[in-house]
Undergrad: 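Could you have a look at this structure, given as structure tokens, before my questions?
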Amino acid sequence: QVQLVESGGGLVQPGGSLSLSCAASETIFRLYVMGWYRQAPGKQRELVAIISSGGSTAYAESVKGRFTISRDNAKNTVYLQMNTLNPEDTAVYYCNARRLTTNAVYWGQGTQVTVSS
């Protein structure tokens, strides 16, 4: 099983930046596609960004050009660098891991990101 722990959420002003981290279990990190999802109050969960074991990435149109997902396999950690934040980015952000062979999914506990002046 995979354990995921997010950190780095907080309050930031519009136009500001924030970095999120997701620490994952060792030995399985390269076997999983990693991703970040977010859920705002009253809205459904949506995919923000994903990164494959080989490092290829994909982003939601709403964050493309502003957010960057990356992973450090040696540290078993995936990151989300968020720049030029706006109030619409306010949500609970969740780390996600999907096993390539079975599509089993695992979730972190979530971290709150609030963008407000």
Side-chain angles (χ1 to χ4, degrees):
Q1 60 184 267
V2 179
Q3 309 294 326
L4 303 172
V5 180
E6 304 100 330
S7 62
L11 175 65
V12 64
Q13 292 186 327
S17 299
L18 204 62
S19 295
L20 305 181
S21 298
C22 172
S25 304
E26 68 173 338
T27 71
I28 53 83
F29 197 78
R30 291 181 61 189
L31 300 177
Y32 290 79
V33 174
M34 305 298 297
W36 287 96
Y37 289 73
R38 67 186 182 186
Q39 186 167 21
K43 297 185 177 181
Q44 64 183 9
R45 182 185 62 192
E46 64 175 351
L47 175 67
V48 176
I50 56 173
I51 184 167
S52 73
S53 60
S56 62
T57 60
Y59 299 89
E61 282 296 320
S62 59
V63 306
K64 192 173 299 182
R66 299 188 298 119
F67 291 10
T68 302
I69 188 171
S70 61
R71 64 195 292 169
D72 186 336
N73 290 334
K75 296 182 178 180
N76 297 312
T77 302
V78 61
Y79 306 93
L80 185 67
Q81 175 64 47
M82 304 183 293
N83 298 323
T84 319
L85 287 161
N86 58 61
E88 289 70 35
D89 296 316
T90 295
V92 176
Y93 284 70
Y94 297 93
C95 183
N96 168 271
R98 178 173 62 83
R99 189 174 177 86
L100 295 173
T101 56
T102 66
N103 283 322
V105 297
Y106 303 89
W107 296 93
Q109 83 285 356
T111 184
Q112 177 71 48
V113 172
T114 302
V115 185
S116 176
S117 60

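Below, all heavy atoms of this structure are taken into account, side chains as well, without hydrogens, waters or symmetry copies. Owing to the predicted nature of the structure, the values given are computational and were not obtained by experimental measurement.
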Undergrad: Ser116: what forms a side chain to side chain donor-acceptor pair (under 3.5 Å) with it, not counting sequence neighbours?
TA: none
Undergrad: Indicate if Val12 and Val48 have the same hydrophobic cluster label, given that clusters are the connected sets of ILVMFWY residues with side-chain heavy-atom separations under 4.5 angstrom.
TA: yes
Undergrad: Angle class for the Tyr37/Trp107 ring planes (parallel below 30°, perpendicular above 60°, tilted otherwise)?
TA: perpendicular
Undergrad: Taking Ser25 for its side chain and Gln3 for its backbone only, find out whether a donor-acceptor pair lies under 3.5 Å.
TA: yes
Undergrad: Flag yes if Val78 and Leu31 sit in one hydrophobic cluster, no otherwise; membership is Ile, Leu, Val, Met, Phe, Trp, Tyr, and two members link when side-chain heavy atoms are under 4.5 Å apart.
TA: yes
Undergrad: Identify, with sequence neighbours excluded, every residue that meets side chain to side chain donor-acceptor pair (under 3.5 Å) alongside Asp89.
TA: Arg38, Arg66
Undergrad: Are any non-hydrogen side-chain atoms of Ile69 and Leu80 less than 4.5 angstrom apart?
TA: yes
Undergrad: Does one hydrophobic cluster hold both Tyr59 and Val115, with members joined at side-chain heavy-atom distances below 4.5 Å?
TA: yes
Undergrad: Please step through side chain to side chain donor-acceptor pair (under 3.5 Å) for the pair Ser19 and Gln81, ending with a clear verdict.
TA: CA-CA 5 Å; Ser19 295; Gln81 175 64 47; 2.3 Å; yes
Undergrad: Hydrophobic clusters here meaning ILVMFWY residues chained together by side-chain heavy-atom distances under 4.5 Å, can you tell me if Val105 and Val92 are in one?
TA: yes
Undergrad: Suppose we screen for ring pair (Phe, Tyr, Trp, His ring centres under 6.0 Å). Which residues come up paired with Tyr94, at least two apart in sequence or across chains?
TA: none
Undergrad: Which pairs count as disulfide (SG to SG under 2.5 Å) when at least one residue sits in residues 75-117, sequence neighbours excluded?
TA: Cys22-Cys95
Undergrad: Can you see which heavy atom on Asn83 is nearest to which on Ser17, and at what distance?
TA: OD1-OG, 2.9 Å
Undergrad: Which atom names give the shortest non-hydrogen contact between Leu4 and Met34, and what distance separates them?
TA: CD2-CE, 4.0 Å
Undergrad: Any side-chain heavy atom of Gln112 within less than 4.5 Å of one from Leu11?
TA: no
Undergrad: Taking all atoms of both residues into account, what is the closest heavy-atom pair of Ala97 and Val2, and its distance?
TA: CB-CG1, 4.4 Å
Undergrad: Just grab all the salt bridge (Lys or Arg N to Asp or Glu O under 4.0 Å) pairs involving residues 6-17, residues at least two apart or on different chains.
TA: none
Undergrad: Nearest 0.5 Å please: distance from the OG1 atom of Thr77 over to the CG atom of Leu20.
TA: 12.5 Å
Undergrad: Looking only at heavy atoms, which two atoms of Trp36 and Ser21 are closest? And how far apart?
TA: CH2-O, 3.6 Å
Undergrad: Donor-acceptor pair, distance only, cut-off 3.5 Å: does the side chain of Arg71 make one with the backbone of Val33?
TA: no
Undergrad: Give a yes or no answer on whether the side chain of Tyr32 reaches the backbone of Asn96 with a donor-acceptor pair at less than 3.5 Å.
TA: no
Undergrad: Treat each ILVMFWY residue as a node, draw an edge where side-chain heavy atoms are under 4.5 Å apart, and state whether Val63 and Val113 are in one component.
TA: yes
Undergrad: I'd like to check Pro14 versus Asn86 (side-chain heavy atoms, cut-off strictly below 4.5 Å). Are they in contact?
TA: no
Undergrad: Quick one: which residue pairs count as a disulfide (SG to SG under 2.5 Å) with a foot in residues 41-93, not counting sequence neighbours?
TA: none
